[in-house]
Amino acid sequence: MQHEVQTLPGTLAPEFFATENAKSTIDDWRYEMRREMQEIVTGLFLGPFSACKDTDKLHKLGISHILCFLDQNEFRLFRSTATLANQFVFKVVEVFDSPMQNLIPLFPQSTTYIRDVIEKNGKILVCCNGGMSRSPAFVIAYTMETFGLNAVQAYQYVQSRRLCINPNETFRSQLGEYEPIYKARQINGVPNPADSHEQQNRRRRRSSPDNTTETDPKRRSQGDILDTGSAMDI
């Protein structure tokens with residue numbers, strides 16, 4: 001399914017990037033805000049995993065989904081994941097904050113997942129351990145592709161909403177590499193590969209006798225789901 005680039009709303013208007021408004025207003029940022037989540041665009045929140053602890057606030061904000069990028073060690077250490085899975089549609093995807101981690105194959109799937117949640121009037125929190133490197137990279141990719149921005153514009157906008165983001169150098173480079181990939185796909189009318197990928201996975205899950213998800217860490221590759229949910233296979 002091919003999705004059109006959305007019209008730039010409000011602060012995402014083209015003139016936003018031609019003025020000082022594109023830069024974060026340091027005076028409006030407090031150090032403790034790095035421990036909180038911020039709404040990047042309507043329905044999409046970005047923050048650290050610690051923001052998930054305040055489930056009352058999540059419910060009050062109407063958050064229905066949580067998409068979290070963690071490595072295996074972090075997943076084992078964070079004991080609140082079971083509680084979150086009982087209250088939200090909760091997905092943990094294995095991603096390392098490492099220069100060896102390739103995010104480009106994961107960007108289309110994460111963008112599709114976020115987009116689908118918002119299109120169905122849900123609200124989603126995208127997080128990682130600190131909310132500064134891995135999860136911002138995926139939110140920047142979503143913002144870039146959804147609103148037809150270049151990598152610099154998308155980075156500037158997301159940083160204007162959450163000042164402390166700092167994707168590692170490799171992730172920043174990969175965002176730049178992803179820009180011509182998504183633009184070429186849109187120009188040529190090529191569907192997001194995540195759409196057909198998700199359809200295949202749905203058929204596979206329906207035909208599976210036990211409808212389970214692989215959880216053996218020895219057989220799991222980077223980008224696999226660490227919980228037992230089934231909404232997104234990356």
Side-chain angles (χ1 to χ4, degrees), residues 10-12 21-99 101 103 106-107 110-111 113-114 117-118 122-144 154-172 175 225-227 229 232:
T11 53
L12 283 179
N21 292 330
K23 299 179 181 179
S24 301
T25 305
I26 297 177
D27 291 342
D28 294 336
W29 183 264
R30 306 183 311 277
Y31 178 83
E32 58 270 22
M33 290 175 67
R34 65 191 298 161
R35 303 188 186 94
E36 304 169 356
M37 58 183 168
Q38 287 77 38
E39 189 169 22
I40 307 303
V41 296
T42 301
L44 171 58
F45 294 77
L46 172 63
F49 183 79
S50 59
C52 297
K53 294 179 180 179
D54 191 349
T55 57
D56 288 340
K57 182 176 182 179
L58 297 180
H59 286 300
K60 185 178 295 185
L61 289 171
I63 289 175
S64 55
H65 294 64
I66 299 174
L67 176 59
C68 194
F69 298 95
L70 301 173
D71 62 36
Q72 293 181 34
N73 291 330
E74 291 167 336
F75 181 71
R76 286 193 291 266
L77 288 172
F78 297 152
R79 301 182 182 277
S80 60
T81 55
T83 301
L84 293 170
N86 290 331
Q87 300 186 50
F88 306 92
V89 179
F90 180 67
K91 299 296 165 192
V92 181
V93 180
E94 182 182 15
V95 172
F96 295 86
D97 192 4
S98 162
Q101 174 74 63
L103 301 183
L106 309 182
F107 286 150
S110 62
T111 292
Y113 187 71
I114 295 168
V117 170
I118 295 174
K123 293 185 179 181
I124 185 168
L125 167 62
V126 180
C127 60
C128 59
N129 190 356
M132 292 188 284
S133 183
R134 285 166 289 183
S135 54
F138 285 95
V139 170
I140 291 168
Y142 166 83
T143 305
M144 179 166 58
Y155 189 104
Q156 287 177 338
Y157 176 74
V158 175
Q159 189 175 53
S160 76
R161 307 295 293 176
R162 180 170 171 80
L163 180 65
C164 64
I165 69 166
N166 187 28
N168 69 48
E169 185 176 348
T170 298
F171 293 172
R172 292 196 297 270
L175 285 164
I225 295 177
L226 293 181
D227 72 338
M232 181 179 68

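None of these values were measured; they are calculated from a predicted model. Start at 1 with the first residue, then count along the sequence.
Distance CG/Leu103 to CZ/Arg134: 10.0 Å, rounded to 0.5 Å. Separation of atoms CZ (Arg34) and CD (Glu32) is listed at 11.0 Å; rounding is to 0.5 Å. Distance check: Phe45 CZ to Arg162 CZ gives 13.0 Å after rounding to the nearest 0.5 Å. Interatomic distance, Gln101 CD to Ser133 OG, rounded to the nearest 0.5 Å: 10.5 Å. Taking CD1 of Ile40 as the reference point, atom OG of Ser160 lies at 7.5 Å (rounded to 0.5 Å). Here the straight-line distance linking atom CD1 of Ile118 with atom NZ of Lys123 works out to 10.5 Å at 0.5 Å rounding.
Minimum interatomic distance between Ile66 and Ile63 (heavy atoms only, all atoms of both residues): CG1-CG2, 4.5 Å. Heavy-atom minimum distance, Val126 versus Ser135: CG1-CB, 3.8 Å. Closest heavy-atom contact between Pro167 and Ala137: CG-N, 4.4 Å. Closest of all the heavy-atom pairs between Trp29 and Cys164 is CZ2-SG, 3.8 Å. Nearest heavy atoms, Ser64 versus Val117: OG-CG1, 4.3 Å.
Residues Cys68 and Phe75 are not in side-chain contact: their nearest non-hydrogen atoms beyond the backbone lie 4.5 Å or more apart. Using a 4.5 Å heavy-atom threshold, the side chains of Val95 and Cys128 count as separate. When side chains are defined from C-beta on, Leu77 does not count as touching Glu74, because their heavy atoms never get closer than 4.5 Å. Two residues are said to be in side-chain contact when any heavy atoms from C-beta on lie closer than 4.5 Å; Leu106 and Phe69 fail this criterion. Considering only heavy atoms from C-beta on, Leu175 comes within 4.5 Å of Phe107 through its side chain. Counting heavy atoms from C-beta outward, Leu125 and Leu61 have side chains that stay 4.5 Å or more apart. Within the 4.5 Å cutoff, side-chain heavy atoms of Arg30 are placed close to those of Glu36. Using a 4.5 Å heavy-atom threshold, the side chains of Leu46 and Gln38 count as separate.
The aromatic rings of Phe49 and Phe78 sit parallel, their planes meeting at an angle under 30°, below the 60° perpendicular limit.
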Original post:
Going through the checks in order, is the side chain to side chain contact (heavy atoms under 4.5 Å, CB included) test met by Phe88 and His59?
Top reply: CA-CA 9 Å; Phe88 306 92; His59 286 300; 3.6 Å; yes
Original post:
Are Leu58 and Lys53 close enough, and set up right, to give a side chain to side chain contact (heavy atoms under 4.5 Å, CB included), and what steps lead you there?
Top reply: CA-CA 9 Å; Leu58 297 180; Lys53 294 179 180 179; over 6 Å; no
**OP:** Check the pair Ile124 / Tyr113 against side chain to side chain contact (heavy atoms under 4.5 Å, CB included), numbers first and verdict last.
**Re:** CA-CA 10 Å; Ile124 185 168; Tyr113 187 71; 3.9 Å; yes
